[in-house]
Visitor: 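What follows is a single structure, and I will ask about it in a moment.
All values below come from the heavy atoms of this structure, side chains included, with hydrogens, waters and symmetry mates left out.
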Amino acid sequence: MLENLTRQELDEYTLATGIPIHIFYEQEIRYSSNIAAQIQLYNLPLYLLSSLPKELPDTWITTTRENLYFGGLRIQETGEILLFGPFLLTDCTLKQAKAILARLGQEKRDAMDFRQQLNLIQHIGVPQLRHHVSLLYLLLNHCTAPEISSISFTWEHLVPAQLPVILNDEDQDKNAAQSAYVEDHIVDCVRHGKTDELVGFFNAILLDSSGNEPDNFDLELRRGYIFGANTMLSRVARAEGSDLATVNTISDYYIDQLLHAKNVNELNYLFYQFSTHYTEEVRKLKTLHTNSMIANQVNAYIQSHIYEKLSTTRIADALGFSNSYVCSEFKKATGTTITKHLTACKINEAKYLLERGEYSATEISDMLQFSSVTYFCNTFKKYSGMTPLEWKNKQEAI
């Protein structure tokens, strides 16, 4: 682990050069320079490192097919790997940004922002890259760098780290709680169509995990768990209104892929894929079919704050527009008012909570910020044609 003084020196170095630096120990990030913060949001450095050969020379440089250049070196005293870059020789194009995001398993609609972040990094040439690697090797290892190797690069799949579902006996209680939290969070993202949040959640797990399997790891046990997750999330997507034939097609496709997966990395990657696939299907349903930016922003805000006490004034303030303008634009685009749409969204959420069977009508009324349980029940009946209890009993009988 680097000492604080060395960290300060590296911060000054990156500010002077405009090139990000990361230091890894295996798959764990030990240091990130300030300038690296934005690209780290996309986990780009970690995926680049994960795609390199396991046995690296002491100094090296390489490039991806998208013309991302980066180099690295081994810190001899600690065994850590310093990754210098990535950077481009010229300004990043939109096509390049989309191609890189596709490699990372992230949404191409973020390409404009991602492109902007890459273009903030200083452009240098390959000869300069070699000099930087040599200088950093000298500074960190206190000896002349060996000849710098040019190594090949091939993208590996985005592989989320092991989710905490295979438990060691001594950690059952702690890990069981963590596993329940992971599962609940993923289900919540699927239910609400929160694709971006789900991707960020998987990425956070990846960054926080060393990726090591426990000694008693059982591949077939993991395969069985992920089979179950596929089934559960397909039901969640269907319950949210996704087309039955589409959901079944997605489920069957991933069942076949899971049967042929040969290792934990493939299983985890499939887990990531089908989770985001179902989430995206739900997101399409929860997205208003309108070209109005304001209406879509209103809907997105409601979906993300469904358990809070909302008003048109609060929504307008959050979006940075006047209340009258937002209400007028929403009504013009959708034919209904924000208040009616908000109530409909809360009633849909109430149906889900009733179906879970864990909460009473009074509890759900409080959770969804209705003024009273009587008002909640009356509103529920107005929108669904039956009381909460009648609706719950009907679902149980199906």
Visitor: Taking only residues two or more places apart in sequence or in another chain, which ones pass salt bridge (Lys or Arg N to Asp or Glu O under 4.0 Å) with Asp317?
Guide: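 Counting only residues at least two positions away or on another chain, Asp317 forms no salt bridge (Lys or Arg N to Asp or Glu O under 4.0 Å).
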Visitor: If the condition is salt bridge (Lys or Arg N to Asp or Glu O under 4.0 Å), which residues does Lys332 pass it with, not counting sequence neighbours?
Guide: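 Counting only residues at least two positions away or on another chain, Lys332 forms a salt bridge (Lys or Arg N to Asp or Glu O under 4.0 Å) with Glu329.
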Visitor: Give the ring-plane orientation class for Phe153 versus Phe70, where under 30° counts as parallel, over 60° as perpendicular and anything between as tilted.
Guide: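 Phe153 and Phe70: perpendicular rings.
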Visitor: I need the full list of ring pair (Phe, Tyr, Trp, His ring centres under 6.0 Å) pairs touching residues 72-98, with sequence neighbours left out, sorted by first then second residue.
Guide: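 As it turns out, the ring pair (Phe, Tyr, Trp, His ring centres under 6.0 Å) pairs with a partner in residues 72-98, which skip direct neighbours, are Phe84-His132.
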Visitor: Tell me every residue that passes side-chain contact (heavy atoms from CB on, under 4.5 Å) with Asp91, counting only those two or more places apart in sequence or in another chain.
Guide: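 Partners of Asp91 under the side-chain contact (heavy atoms from CB on, under 4.5 Å) test: Asn119, His123.
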Visitor: Can you list the residues that meet the salt bridge (Lys or Arg N to Asp or Glu O under 4.0 Å) rule with Asp58, with sequence neighbours excluded?
Guide: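 Partners of Asp58 under the salt bridge (Lys or Arg N to Asp or Glu O under 4.0 Å) test: Arg74.
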Visitor: Considering residues at least two apart in sequence or located in another chain, which fulfil the side chain to side chain donor-acceptor pair (under 3.5 Å) criterion with Ser365?
Guide: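 Side chain to side chain donor-acceptor pair (under 3.5 Å) check on Ser365 returns nothing, list empty.
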Visitor: Tyr25: what forms a side-chain contact (heavy atoms from CB on, under 4.5 Å) with it, not counting sequence neighbours?
Guide: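 side-chain contact (heavy atoms from CB on, under 4.5 Å) list for Tyr25, sorted by chain: Arg30, Glu80.
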Visitor: Just to verify, what does Glu240 make a salt bridge (Lys or Arg N to Asp or Glu O under 4.0 Å) with, not counting sequence neighbours?
Guide: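 Checked Glu240 against salt bridge (Lys or Arg N to Asp or Glu O under 4.0 Å); matches are Arg191, Lys286.
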Visitor: Please name all residues satisfying side-chain contact (heavy atoms from CB on, under 4.5 Å) with Ala229, sequence neighbours left out, ordered by chain then number.
Guide: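 Per chain and number, Ala229 pairs via side-chain contact (heavy atoms from CB on, under 4.5 Å) with Phe271, Phe274.
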Visitor: What residue pairs, at least two apart or across chains, pass salt bridge (charged side-chain N to carboxylate O under 4.0 Å, His left out) with a residue in residues 287-310?
Guide: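 Checked against salt bridge (charged side-chain N to carboxylate O under 4.0 Å, His left out) - neighbours excluded - the pairs reaching residues 287-310 are Glu308-Arg314.
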Visitor: Can you tell me which residue pairs pass the side chain to side chain donor-acceptor pair (under 3.5 Å) test with a partner in residues 134-150, sequence neighbours excluded?
Guide: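 Non-adjacent pairs meeting side chain to side chain donor-acceptor pair (under 3.5 Å): Gln76-Tyr137, Arg130-Ser150.
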Visitor: Quick test of your reading: applying side chain to side chain donor-acceptor pair (under 3.5 Å), list the pairs with at least one residue in residues 336-346, sequence neighbours left out, ordered by first then second residue.
Guide: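 Found Asn299-His341.
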